[in-house]
Each structure stands twice: as C-alpha cells, then as structure tokens.
Amino acid sequence: MARALSNSSEEQEKPTHSNYQLDMSFLIRCQRLLGCLVGSPWYAWDSASRRQSVVWIYVLFLLIASGTEVLVYHVGLIPSHFYTILTAKDIGAFRAYMIPCLLIVLGVAGGKALVNFTGSLLSLKIRRLLTHHLHQRYIQSKTMYSLLLEHEQVDNPDQRITQDIDKLTETLFMIMEKLVMAPVLVVIYTWQCWSVAGFLGPFLIYTYFILGSIISRRLIQPIVRSVFYKELEEGNFRFLHVRLRQFAESIAFSQGETEEKERANSGLNSLLALQRSIINKQLPLHLMNQSFSYFGSILSYLIVAIPVFTGAFDGADAGELSGIISKHSFVSMYLIFQFTTIIEQSDKVSALAGYVARVGELLEAIDAVDQERQFKQVSLLVNHHDEPTILFDNVTLLSPRDKLIVTDLNLQVQQGTSIVITGPNGAGKSSLLRAMAGLWACARGQIKLPKLTHGRDLIFLPQVPYLTQGSLRDQLTYPSLDSTATLTDHEVRSLLEKVKLSHLERSIASFDTPYGLEWNKMLSPGEQQRLVFARLLFWQPTFAVLDEATSAMDEATELHLYQLVRASGITMISVSHHANLMPFHQQQLVLDGHGRYQVIDI
Ligand SMILES: Nc1ncnc2c1ncn2[C@@H]1O[C@H](COP(=O)(O)OP(=O)(O)OP(=O)(O)O)[C@@H](O)[C@H]1O
C-alpha cells in the first residue's frame, strides 16, 4: 500500500478521461451499483431478504414524498383562496378557511420532516449494503493482497470503501430529496399549465429547460473529472497522516519532522489546488443555475400574461382575476421550479458521478483480480495432495516485476523434517513463502501442500507480527472469532508462561478486555513476536512457516521458543539469518539471488 500511495496522483497512471464523465460508463456503473442494492427484481419479495431490501424503504419514501407534494400543491393555492376571500370581504369564509389552511401547512411540515427522515434511513441502508458488498468482494482470500501489493490499478481502495461510498450515498440522498417527485410533478404541472396557458406555456418552459440542460451538461463534465482526482488526493493526504501516526517514533528518532512537514504541506497543496479548480469550474455553473432560476420566475409571468392579454378571463371581476392570476402563476412557476430544481442538481450530479466512478472502478479492479486468479488457479497456484509433504515440483518463480527468484526448484518437505531457507537479502526467501501461501503464482511448475484436515494445519508467522484489535485471548486464538469458547483462562496463563510473557497479565485489566490498536504500543517488537508464537503453540499446526519470526528476540528467548515448537512436533519451514537456529532443522535451502539454489542436509 505504501508504494501505491507514496506516488503523487500525477505520477500514477491516470485512467482515460471517458471513465470520469457523465457518459455510458457512468450509467453502466450506476446500474451495477443498483444491482448490488436490489439484486434480482424478486429480491424485495423474498421474505428472507425483505428486511435487507432498500426497495421497501424507497416505496415508503415515495409514498410520503407524494403525499407531501399533494399538500404542497394545496399550500400553493392558499394565496389564491385568500385573495378571493379578502377581495370579497367574506369574514365567514375567512374563518372557515383558517382551520384547513393550518392543517395543510402542518401536514406539509410533517411530510417534509418525514421525507428527510426516511431519505436519511435509505441512504444509511444503501451505504450499509454497498459497503457490505465491497467488504465481501475486497476482504477475501488474496484479493486485498493483490490489489494493494501487486496490481495497484486503483488508488486508495480503503478510502473508496470508507469515504467515497459515504459521500456517494449522502449526495444521492440530497439529489433524491429534491428530485424524487420531479418526473410525476412535471407531468401534472405540464397538464395544469397547458390547461391554463395552452400549448405555448409548456412549450416555452420545455425549450427553456432543454437549453438549460445542454449548457449545464457542458459545464458539469470538467467538474466530474476534478471531483475524481480530488478524492484521490484526499486519500493520499489522509494516508500520509496515517503513516505519520504509524511511524511517529521512527520519525522522531531520525528527526525527520521538517521533511515530513514539507511532505504533508505539499500533499495538502495538491489537494487544495484540485479543490480550487473545482471551485473555479463551479462558478460558471452556479452563475448559470442562478440565472436560470431567476429568469424562470419572469417566464412564469409571461406565461400567465398570455391568457390575460388574449382576453381569456375578460368576464372575471378584479377579485376573481387576482385569484386566477395567483393560481395560474403558481402552476407555471411550479413547473419552472421543478425544472430549475433539476438543473440546480447538476452540481451534485457532477460530484455523484465522481464518487460512482471511484466506487465502480474499485469493483472493476476486484473483478480483474478475481478473473486473473481464476485463470491462474487452474495450474499455477498452490494445489493440495494426499501426501503429508510440501512439494515444490519444478517451480520457477518470478517477482511481480519479473525478477527471477528461483528456477526449476525441486524440493520435498516431509512432515517431521524441518527446513531453513537462507540466502542474501533480496534473494527471494520470503517470495518462496508467498508462493507457498498462494499469494504469488509460479511462472512454471507447481507447489503442492498436504490436504489440510483443519484450517490451521499450516500457519505463517511473518517477521512483522500482526496483532488483531481485540483482547489478549483474541490475540492467541486469531483468526478464530470466538476466543472465549476455545481457550480457558488457565490455558491463556500457560501459553503466556511458555512464551515468557506472564508479566503481561499484570498490565491488562483482564484477558477479555479489548485494547484496540494499543497492543503495538503496549508490547515491544520482541514481545509482539513472542505473543504470536503463543498463537502458534495454541493452534499446534502440522507445519509452521516462520519468516524471520524471531528477528527481534534476544538469543535465549529465540532458542527457547524454537525448542518449544520442535517439542510440539511442529515441522518448521524457517527463514533466518541466525546460525544458532540451524540445529533445529534437518535441511537447508540456499538461494543465491540469481535463480540458482542448493539443498543441503544438516
Ligand atoms: N510485491 C512485490 N512486487 C515486486 N517485487 C517484489 C515484491 N515483493 C518482493 N519483491 C522483490 O522480490 C525480491 C525478493 O524479495 P524477498 O522479500 O523474497 O527477499 P528476501 O530474500 O526475503 O530478503 P530479506 O532477506 O531482505 O528479507 C526482491 O528483489 C524484492 O524487491
């Protein structure tokens, strides 16, 4: 990930422009995201899925929005009623109209609040479904590794999942709130306007709208692209601060604060430059939207003027005429208002298109990784066989950047015969383990692992231990989710004693108190390595792959732990530069860093 993100956005390969426009790819991505929300058309009707479905809450949202719009129509007619009543000086009618008038206004207030409420629930649900879908696709066997460490086709996948989906749903809600009833209202008010002003009224309004849409579309396009790259810079800037937090101590030791500050400021400047460019591009769009809105109100009076001046209401007295004008100007103004509201959303639509592109692009990258793995799965990734051995059968391995690691490796690791892999730095020791774990595919040949009888028959311990966010018990049973069911307090103490970490019990509240990310601060690197050794002793796998897993330990502890592992009958495949560990193995695989190797009996 560091490599993926250390590049500035300019250095990264930028996708083609067509990806970030309001074009077919935007519609295809929208359709795909919609598919993640509703699944098949029958999804919403299947009782098991009904609670999950956004369809029902959307239906509720539509119903409330429609009811509110009916009331809004009546609110629009209130002035017309008052004009007629007041010009007739009819106090009885005035009194009688007050109660329905208040009820209508209260109804609109309640309806609008409920539209907002159900709309917010809907966007929450959409966020949940989209994020679950992406978690399902992304945090799965090797996909995350491939995307972050091998392919790098997409920047900041984490930001796309944690922030871009949130912004997408938020923007979608804002648009939906404004536009949910727009199509229906446009039809209703077009008919109303036609009946008042004839063909010319709707014709003038539609022409006005089409003109506005064409101009606004032209102004939106460059914003969509800028929103995309702004999000990219946002991700880089955030990651820069994550790294500062992660490596605060190393930076303090090397007194690199000035350099880091420069980098942070330069990251911020790149981000602000893009935000500035969005603001610049939004100026003409806002100008257009405002003009469209204000000219629209004048247009509505022009439309009302047509029947007035053509003598359509010549028979009405002054009071009736003011009521008619009020009603008719409301109708055409409301139709224009619907259109201006649609045009005004262009700003948000441009942001939405940027977020849709970012989330859609991540899904497409995951598809590509999955497809590639499916293709490799056939022959080049790890296979399983019935023998209790790990077999490298004529394996040629290259790094993702095509560096030769090893050529035609033939090696058999029998159960009970531990092996240590040695060689100079960069020779490819860890790479061989990556191939064993199925993270890298062989260029030629096959790796065969014994059929696992239970999930933990083969455990990898990397040089940098991974401590999960949880309790001490969780650390020992990781990746099992149910630590209390599998490990008693007595067993926890015994494991801690074995790895010389008994003192840890005094510094924590209980074995089940979660410490989140604190573990890395509470334990020294050597202690962290000891803790994951306790995990190994808990799982008791048949094979343990130890990639410099004791590098931070003192020599006595290192020997003690290797003795424990050997005594447990675990077969070790170790990577180590430490000569004192050789006696724990029966074989040594030496890589020379140029593709050649040697297997030596110890
Ligand atoms: N994700 C990657 N993409 C491209 N090249 C990689 C990647 N990971 C490792 N390499 C390259 O593969 C080569 C072997 O790396 P590897 O980590 O296996 O070396 P090693 O023998 O374990 O080194 P060390 O003793 O320093 O731990 C190195 O040249 C490294 O740059």
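For ligands, and for the atoms within them, numbers begin at 1 and follow the listed sequence.
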Discussion item. Heavy-atom contact check, 4.0 Å cutoff: does G423 meet ligand 1?
Written reply: no
Which of the numbered atoms in ligand 1 are under 4.0 angstrom from any heavy atom belonging to [X]?
X: H577; result: 25 (O)
X: L149; result: 1 (N)
X: G428; result: 14 (C), 18 (O), 19 (O), 20 (P), 21 (O)
X: S399; result: 5 (N), 12 (O)

Worksheet item: Are any of the N/O atoms in I405 less than 3.5 Å from those in ligand 1?
Response: no
Practice prompt. Report yes or no: does T550 contribute a side-chain atom to a donor-acceptor pair with the main-chain N or O of M553 at less than 3.5 Å?
Written response: no
Practice prompt. Please confirm whether the backbone N or O of L244 pairs with a side-chain atom of E260, one donor and one acceptor, at under 3.5 Å?
Written response: no
Measure [X] to ligand 1 on non-hydrogen atoms and call it side chain, backbone, both or neither using the 4.0 Å cut-off.
X: Y145; value: neither
X: K403; value: side chain
X: N425; value: both
X: S431; value: both

Worksheet item: Around E257, counting heavy atoms of other residues, nucleotides and ligands shown, do more than 12 lie under 6.0 Å from its CD?
Response: yes
Worksheet item: Would one find more than 12 heavy atoms of other residues, nucleotides or ligands at under 6.0 Å from atom CD of Q136?
Response: no
Worksheet, complete the sentence: In terms of heavy-atom contacts, W519 and G470 come closest through NE1-O, 2.7 Å
Worksheet entry | Pi-cation contact, F228 with R358 (under 6.0 Å, within 45°) | yes
Worksheet, complete the sentence: Value for CZ (F533) from CZ (R530), rounded to nearest 0.5 Å, stands at 11.5 Å
Item to complete: Applying side chain to side chain donor-acceptor pair (under 3.5 Å) between R444 and each of D408, T407, D393, N394, report the one that passes.
Response: D408
Worksheet item: Out of R434, K429, E548, who gets a non-hydrogen atom closest to atom 17 (O) of ligand 1?
Response: R434
